[in-house]
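A short write-up of the structure that comes next.
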Amino acid sequence: MLCSVPAGKSGSNWLDRLRSNKGFPTGDDDLDLDHFLTQNPSPSSSDSPHSIPPDAQGGGVLINRSEISRRTAAQDKEWYGIMSNVLSELFYMGGSDESSKLSGKKIPRKQTKPKLCVVSTRNNNSSNSNTSVIEVKKSSVFVQKGENAPVATASLNSDSNSLVETKAGNVGGGVVDVDGNEDEDEEEEEEEEEEKGERELKGYSRSEVTVIDTSCGLWKSEKLVFRRKNAWKVREKKGKLRSFGRKKRKGNDNGVVVVVGGKKKAKVLASEEDNGDQCTTPSSNERNNLKNDSGEEVCKAATNNLDTAKEEVSKDLRKRFIFSRSPRKIRKGGSAVVLIKGIPADKKNISKLSNNIAKGTYRQPKV
Amino acid sequence: MAPPKKSKKKKKESRKLNKSKTMSVVPLEPKAIDSDWWDSFWVKNSSISGSTVPTDEAEGFKYFFRVSKQTFEYICSLVREDLVSRPPSGLINIEGRLLSVEKQVAIALRRLASGESQVSVGAAFGVGQSTVSQVTWRFIEALEERARHHLKWPDSSRMEEIKSKLEASFGLPNCCGAIDATHIIMTLPTVQTSDDWCDPENNYSMLLQGIVDHEMRFLDIVTGWPGGMTVSRLLKCSGFFKLCDSEERLNGNVRTLSGGMKIREYIVGGLGYPLLSWLITPYENNGLSTSLSAFNAMHEAARLLAVRAFSQLKGSWRILNKVMWRPDKRKLPSIILVCCLLHNIIIDTGDKLHPDVALSGHHDSGYREQSCKQVDPMGRTARENIAKALTT
């Protein structure tokens, strides 16, 4: 039918015809996603689609935006700023040209780690998407330097920048210090710093660790370890507890409160693993106030080799040690229950819950 | 090398698969699929020239998987629900057959026990490397949930039993166990290399702390902390420390000796640990009196339980003893935990391991023993009391 009309005559014009049919600007091949996206938020743009200069390939985005911003009212400007912020979280906008030159390879259109978009009208004075891209990159520098980075960006980029921070923090921080006094000082300092935010941990290297501790109600937990020389500082990792390579969990993590031995340390895991992009629940993970920080600790490598002594004693031990395995019955669930009982056995609920939360997100983000 | 009955089996299998397709989502009886995995594995792997595989089949089974067939069945029963393959998403081997739970458990156990590469483990079973990877991780995830009851702090009656056994063996009154720690060495990609993970011997490593009883059974473990920590720091980061510190653990019956001396519950540890009221370390070896030397000898004998437990652990599950190549640091703790769970399962089911399985040397060979100078006055008193009790 219509499609069978020979388009060979004007190979490039069928697209133009299609565009004009649908009310989109027809131009040369310079109409890319940026044009489309930047047109949309402005209500006035639809009436003058042809005003876009057709040769705006290079700095086209900027030109367009300045035109638009000239045309539209102040309110529109503000909205535009919001939209471009949001979009720049999802896509590399105009500024990608620069960074691609720097890195020497083509950068994909989508942001590698699209983040939760925090709408902020902070920078509506210039709604240049270049600035927002650069800002994302710069925020790592902020964090490294310990300056007061904008909270939103700092939290948005904490994951992707952790490596950089770790590397930066390690400079000069790796030597094992044997001096006990200094250690003590550091630890006092730790106490003081305990209440401050982690942004202010200057000079500490930072590592994310997954710890399994069978003395804790939940065996597995994620922690942030900060280290400067012999001073170690441990924080509960806020936010979600990711699981990896796991499709469905049997439900141990779903809103179960496990109290160990009546201890006050009860943790709530509100289905944190399912999805994190939308629900960044400020979990009730309270920071573990480690009492260990006050202790004086001097660690030296003792040179005394105990091997010979050990061998002697182990001979003795072998003589005395009897594999007296009392015929303990294997407890198939009997006493395991303490922990397992707390698990909601109803798989339907769990899957429902996770479906609701993670609707549309097929896969959890792998980090 | 294909098993001799291949063609026949294949036919049987394909029939089964067809059937299952028509029957939509009926769960397959897992034993019916690939249940002869052991026969083909044994035929294929028992006669490798130059190997030390026992000729006896039962012993051979233990050689490869560290557990007896009974224990193996038990482990399968624990994880069956999680591992059972159901078409169409079930794991398949090269021949396109569904992997039985038994074969999956065998693959995972072999990987953990031998520490061989995924490729060579896969070759031994006729599956690909990715299958080994996937199966092993699925097994680890399943077991760390399903076998938790094999690793927990004992209740008071069990603790009394442990204490009396330890006293009978080592003469230490009211002793509840021994603590030690070991490094699990790994390589890291350059971008992940951080001094936090770099230990005093310049290896990248992850720490494992364990407290064991008289059977060398783990009562408590902590793992995941970076190797840059000292063992005393590791202890202080552990939940065990916090519980003991707040007197919620090792708070059982106080033993009153003949002279009215009271000795609370405690564990024994090496010089790398602080001397605390509930953690007794040895006297330093400079010009000790004979009685103190005797105390040290007894202490060391008891402490060796933990040392030997780690040698046994790393010897049985050699994946822990090899330098792990760029492991996922979030997954590695689970691997370590599962090895500890398997260690306990072996003890709980009464399996006897070949003594050659354990490492011949120290579990942390190449590492010098650390020394922690921290002394708690209560700890000092407790140690003096125990030493006195031993001499009287």
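The figures that follow rest on heavy atoms only: side chains count, while hydrogens, waters and symmetry mates do not.
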Output for pair (B:Ile211 CD1, A:Thr214 OG1), nearest 0.5 Å, gives 7.5 Å
Can B:Leu234 and A:Trp232 be said to form a side-chain contact (heavy atoms from CB on, under 4.5 Å), step by step?
CA-CA 10 Å; B:Leu234 171 66; A:Trp232 293 82; over 6 Å; no
Point-to-point distance, once rounded to the nearest 0.5 Å, from CH2 of B:Trp225 to CG of A:Asp213:
8.5 Å
Heavy-atom cut-off 4.5 Å, strictly under: side chain, backbone, both or neither for B:Leu337 against chain A?
side chain
CD of A:Glu208 to CZ of B:Arg330, rounded to nearest 0.5 Å, is 8.5 Å
Apply side-chain contact (heavy atoms from CB on, under 4.5 Å) to the pair B:Cys237 and A:Val234, showing each step before the final yes or no.
CA-CA 8 Å; B:Cys237 286; A:Val234 179; 4.0 Å; yes
Check each atom of B:Pro333 against the heavy atoms of chain A and say whether the ones under 4.5 Å are side chain, backbone, both or neither.
both
At a heavy-atom distance under 4.5 Å, which candidate from B:Val222, B:Leu235, B:Ile345 has the highest pair count against chain A?
B:Val222
Check step by step if side chain to side chain donor-acceptor pair (under 3.5 Å) holds for B:Ser194 and A:Arg227.
CA-CA 11 Å; B:Ser194 150; A:Arg227 180 197 192 184; over 6 Å; no
Evaluate side-chain contact (heavy atoms from CB on, under 4.5 Å) for B:Ser334 paired with A:Lys220, printing each intermediate quantity in order.
CA-CA 9 Å; B:Ser334 299; A:Lys220 204 180 257 185; 2.9 Å; yes
To the nearest 0.5 Å, what is the distance between CD1 (A:Ile212) and CE (B:Met206)?
9.0 Å
Could you grab the distance from atom OG of A:Ser215 to atom CG of B:Leu243, nearest 0.5 Å is fine?
5.0 Å
Do B:Ile221 and A:Trp219 have side-chain heavy atoms sitting under 4.5 Å apart?
no
